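Below, each value reflects all heavy atoms present in this structure, side chains not excepted, and no hydrogens, waters or symmetry copies. As the structure is a prediction and not an experimental result, all values here were calculated from the model.
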Amino acid sequence: MIKANKGKRFQQAVDAVEEFLKKLKAKQEQNSGDDKGKKEGKSKKPAGERKRKSSVSGPGSPTKKSRDQSPRKRGRPPKEDKEDSAGDSWLLHRHRTLGSEMVLKKPSVTYQAISKRLKVSEEDTGSTSIQAADSTAINGNITPTDKKIGFLGLGLMGSGIVSNLLKMGHTVTVWNRTAEKNAAGGIHSEVCDPEEDGQCDLFIQEGAHLGRTPAEVVSTCDITFACVADPTAAKDLVLGPSGVLQGIRPGKCYVDMSTVDPETVMELAQVIVSRGGRFLEAPVAGNQQLSNDGMLMILAAGDHGVYEDCSSCFQAMGRTSFFLGEVGNAARMMLIINMVQGSFMATIAEGMTLAQVTGQSQQTLLDILIQSQLSSVFLDQKCQNILQGNFKPDFYLKYIQKDLRLAIALGDSVNHPTPMAAAANEVYKRAKALDQSDNDMSAVYRAYIH
C-alpha cells in the first residue's frame with residue numbers, strides 16, 4: 001500500500017507496524033515451544049502412576065467420555081481468537097489515527113469488516129464524515145450509484161476526478177469550456193491545463209458522454225458536479241448563457257466543487273433552490289497528483305441528502321469527506337486550509353532563500369526539516385521543486401494567491417486580523433508580477449531571488 005508519494009513518517013509507521021508483528025510472532029512461537037516442553041514434562045510420569053490412571057479411566061470410562069464430549073472450557077480464548085481480537089482492536093484504533101490506508105495493511109481483514117469498523121468509529125466520534133480509502137483498495141469494491149452524473153470543467157483537478165468516476169463504473173456526461181476559452185468572459189476550469197483541449201475526446205473514448213452546454217448536462221443528469229477557477233467563473237457557469245440554471249428542474253442536484261468565497265456559494269445555492277433544485281458545496285483539498293490517485297479530501301455543506309447521494313462519487317474521487325452543515329461552511333473551511341497552506345509555502349521559500357544567502361546548503365536544510373516534526377509530503381515535494389528548479393504546476397500559484405485574498409477578505413468580514421496571510425499574499429503578488437502565475441505555487445521562491 002506504500003506509494004512513491006508517501007512521506008517518510010508514513011513509511012516509518014509501516015516499518016514500526018511490521019517490526020511489532022515480527023516480534024509478536026516470535027513471542028508466540030517461543031510461548032508455543034514453552035507449552036510443548038511443559039506438556040512433555042507432564043507426560044513423563046512414573047509407570048505405576050500411569051497404570052493406576054489407566055485403570056480408572058479406561059476406554060469405557062464415563063470420566064473419559066464426559067471429558068471428550070464436553071464443550072470448550074470458558075475463560076481465556078484460544079490463541080487464534082485472541083490474536084484476531086487484538087488485530088481488530090488495532091484496526092479500529094488506527095482508522096482514527098493513521099487513516100484507512102493503514103487499515104488495509106492487515107490483509108486478513110475483509111472489506112465488509114472494514115466497513116463495519118468505519119461505521120462503529122463514526123458512531124463513537126459523532127463525525128458525519130464519509131470515510132473512504134485508497135482508490136486501489138476500497139474504492140475498487142464500491143458500488144457506483146445508478147444516478148446519471150454530470151461534470152463541468154476538465155482542468156487539472158476535474159480531469160482526475162472524472163477519470164476516477166469512470167474507472168469506478170459511474171455514468172458520466174462531461175462538458176468543458178474549451179469552445180469559450182478565447183471569448184471574453186469565458187468560463188475557465190479550476191486549475192486549467194493547456195492540454196485540456198482534448199480532454200473531452202479522451203473521456204469519451206473511456207466511456208463518457210459529451211454535453212454541448214452546461215444547461216444540457218444538468219437537464220440530462222441527476223447530479224452535476226462543477227469545478228471552475230474562481231467566484232466569477234462559478235457565477236458565469238450558473239447564471240450565464242446556456243448556464244446551469246437553465247437546466248435546473250425540481251429534484252436536480254448541483255454540486256459546486258470550486259474554491260470560492262461563502263457569499264458566492266450562498267448566492268448560487270439560493271438561485272438553484274429557487275428553481276426546485278438541490279444544492280451542495282463540496283470544494284476539494286489536494287493537488288493534481290492526489291486528484292489522479294483518487295485521494296482528495298472533500299469538504300461538503302448544504303443538502304445532506306445530496307451528500308449521501310454522492311457517497312459513491314466521493315469514494316471514487318477522494319480518501320475522505322466531511323459534511324460541515326449549512327451552505328457557506330465548506331467555503332470558509334477550505335479558504336482557511338488554503339490560507340495555512342499558502343502561508344506555509346511562502347515560509348518554506350523564505351527559509352530556502354535565507355539558507356542560500358547565508359551560505360548554508362539548501363539540501364542540508366531539507367534533510368534536517370524532513371527529520372524534524374515539520375516533516376510532510378508537502379514540505380518534501382515543494383523543497384524538491386525549488387532544488388530542481390522545476391515548477392511544473394501541481395497547484396497553480398495564481399489560485400493559491402486567489403485563495404489567500406479570499407481568506408483575508410473572510411477575516412475582514414468578521415473583523416479578525418490575518419497579518420501572516422496578508423504578508424504571504426504580498427509575496428505571491430510579487431511572484432505573479434514576475435510571470436509566475438501559471439507555475440506551481442512553489443515558484444513563489446522566485447519572488448525572493450529577484
Hits for ring pair (Phe, Tyr, Trp, His ring centres under 6.0 Å) against Tyr448, two or more places apart or cross-chain, chain-then-number order -> none
Below 3.5 Å, can you tabulate the donor-acceptor pairs from side chains in residues 342-349 to any protein atom, sequence neighbours excluded?
{"unit_1": "Ser343", "atom_1": "OG", "unit_2": "Met339", "atom_2": "O", "d": "2.9"}
{"unit_1": "Thr347", "atom_1": "OG1", "unit_2": "Ser343", "atom_2": "O", "d": "3.0"}

*asked:* Under a 3.5 Å distance rule, please check whether Ser375 uses its side chain to pair with a backbone N or O of Gln371 as donor and acceptor.
replied: no
CE (Met441) and CD (Gln401) are apart, to the nearest 0.5 Å, by 12.0 Å
Sorted by chain and residue number, the side-chain contact (heavy atoms from CB on, under 4.5 Å) partners of Ile223 (sequence neighbours excluded) come out as Lys147, Ile149, Phe225, Cys253, Val255, Asp309, Cys310
Count the heavy atoms belonging to other residues, nucleotides or ligands that lie under 6.0 Å from CE of Met333, then report whether that count exceeds 12. no
Thr143 meets the side-chain contact (heavy atoms from CB on, under 4.5 Å) criterion, sequence neighbours left out, with none
For Glu206, the side chain to side chain donor-acceptor pair (under 3.5 Å) test, sequence neighbours excluded, returns none
So the salt bridge (Lys or Arg N to Asp or Glu O under 4.0 Å) pairs with at least one residue in residues 411-427 (sequence neighbours excluded) are Glu426-Lys429
Report the C-alpha separation of Gln436 and Tyr428 in whole Å, then their side-chain angles, then the decisive distance to 0.1 Å, and conclude whether the side chain to side chain contact (heavy atoms under 4.5 Å, CB included) test is met.
CA-CA 9 Å; Gln436 301 302 311; Tyr428 283 102; over 6 Å; no
Looking only at heavy atoms, the pair that brings Ala431 and Ala443 closest together is CB-O, 4.4 Å
With a 3.5 Å distance limit and no angle check, can you tell me whether Asp440 reaches the backbone of Phe395 through a side-chain donor-acceptor pair? yes
Quiz item: Should the ring pair His304 and Tyr307 be called parallel, tilted or perpendicular, given that the plane angle runs from 0 to 90° and is split at 30 and 60?
Solution: tilted
Closest non-hydrogen contact found for Pro214 with Ser242 is CD-O, 3.3 Å
_Determine whether a donor-acceptor pair (N or O, by modelled atom type, separation under 3.5 Å) exists between the side chain of Gln288 and the backbone of Leu156._
no
- prompt: Looking only at side chains, do Gln205 and Asp201 share a donor and an acceptor under 3.5 Å apart?
  reply: no
*Side chains of Val244 and Ile272: does their closest heavy-atom pair fall under 4.5 Å?*
yes
Nearest heavy-atom approach of Val327 to Ala269 is CG1-CB, 4.0 Å
message = Any non-hydrogen side-chain atom of Phe314 less than 4.5 Å from a side-chain atom of Leu296?
response = no
Here the pair of heavy atoms bringing Ala215 nearest to Gly243 is CB-O, 3.2 Å
Hits for salt bridge (Lys or Arg N to Asp or Glu O under 4.0 Å) against Lys235, two or more places apart or cross-chain, chain-then-number order -> Glu267
Problem set entry | Leu335 and Arg405, any side-chain heavy atoms less than 4.5 Å apart | no
Under 3.5 Å side-chain donor-acceptor pair for Asp367 and Gln363 | yes
Arg332 meets the side chain to side chain donor-acceptor pair (under 3.5 Å) criterion, sequence neighbours left out, with Asn329
Contact check, side chains of Gln289 and Gln381, non-hydrogen atoms, under 4.5 Å:
no
Requested in this report: Would you tell me whether His170 and Thr145 have side-chain atoms, one donor and one acceptor, within less than 3.5 Å of each other?
Outcome: no
Query - CA sep, side-chain torsions, deciding dist, call: Phe279, Asp256, side chain to side chain contact (heavy atoms under 4.5 Å, CB included) - result: CA-CA 8 Å; Phe279 183 86; Asp256 194 337; 4.1 Å; yes
Output for pair (Cys313 SG, Phe151 CZ), nearest 0.5 Å, gives 10.0 Å
Result for side chain to side chain contact (heavy atoms under 4.5 Å, CB included) between Leu245 and one of Leu239, Val218, Leu237, Leu268 points to Leu239
Residue set satisfying salt bridge (Lys or Arg N to Asp or Glu O under 4.0 Å) with Asp303, at least two apart, ordered chain then number -> Arg278
**Evaluation steps, side chain to side chain contact (heavy atoms under 4.5 Å, CB included), between Gln356 and Tyr445** = CA-CA 12 Å; Gln356 183 180 41; Tyr445 171 78; 3.3 Å; yes
Over 12 non-hydrogen atoms of neighbours within 6.0 angstrom of CD in Gln384: yes
Evaluate His209 against Val172 for side chain to side chain contact (heavy atoms under 4.5 Å, CB included), listing each step before the verdict. CA-CA 6 Å; His209 304 286; Val172 184; over 6 Å; no
Between the OG atom in Ser163 and the CG atom in Leu202, the distance rounded to the nearest 0.5 Å is 7.5 Å
| said: With a 4.5 Å cut-off on side-chain heavy atoms, are Asn338 and Ile400 touching? | reply: yes
One should read off an interatomic distance between Gln30 CD and Lys25 NZ, to the nearest 0.5 angstrom, of 15.0 Å
Report yes if the side chains of Leu354 and Val357 come closer than 4.5 Å at any heavy-atom pair, otherwise no.
-> yes
Looking only at heavy atoms, the pair that brings Met168 and Ala316 closest together is CG-CB, 3.6 Å
When rounded to the nearest 0.5 Å, the distance separating OG of Ser442 from CG of Asp394 is 8.5 Å
Any luck finding a side-chain donor-acceptor pair between Thr264 and Asp261 under 3.5 Å? yes
Hey, are the side chains of Met317 and Ser291 touching, using non-hydrogen atoms and a 4.5 Å cut-off? no
Can you tell me if Gln388 has over 12 outside heavy atoms packed within less than 6.0 Å of its CD? yes
Using side-chain heavy atoms (C-beta onward) and a distance below 4.5 Å, is Asn439 in contact with Leu397? no
Side chain to side chain donor-acceptor pair (under 3.5 Å) filter on Ser413, not counting sequence neighbours, yields none
Worksheet item: Do Thr418 side-chain atoms and Ala421 backbone N/O form a donor-acceptor pair below 3.5 Å?
Response: no
Those residues at least two apart in sequence (or on a different chain) that pass salt bridge (Lys or Arg N to Asp or Glu O under 4.0 Å) with Asp438 are Lys398
Exercise for review: Using only heavy-atom distances, determine whether the side chains of Gln315 and Ser311 contain a donor-acceptor pair under 3.5 Å.
Suggested key: yes
Nearest heavy-atom approach of Thr224 to Cys221 is OG1-CB, 3.9 Å
task: Measure from the side-chain N and O atoms of Ser159 to the backbone N and O of Leu154, and report whether any donor-acceptor pair falls under 3.5 Å.
output: yes
Just by modelled atom types, is the Val260 backbone N or O under 3.5 Å from a matching donor or acceptor in the Ser258 side chain?
no
Rounded to the nearest 0.5 angstrom, the CD1-CE distance for Ile298 and Met257 is 5.5 Å
Distance-only polar pair, side chains of Asn390 and Asn385, donor-acceptor under 3.5 Å:
no
Those residues at least two apart in sequence (or on a different chain) that pass salt bridge (Lys or Arg N to Asp or Glu O under 4.0 Å) with Arg446 are none
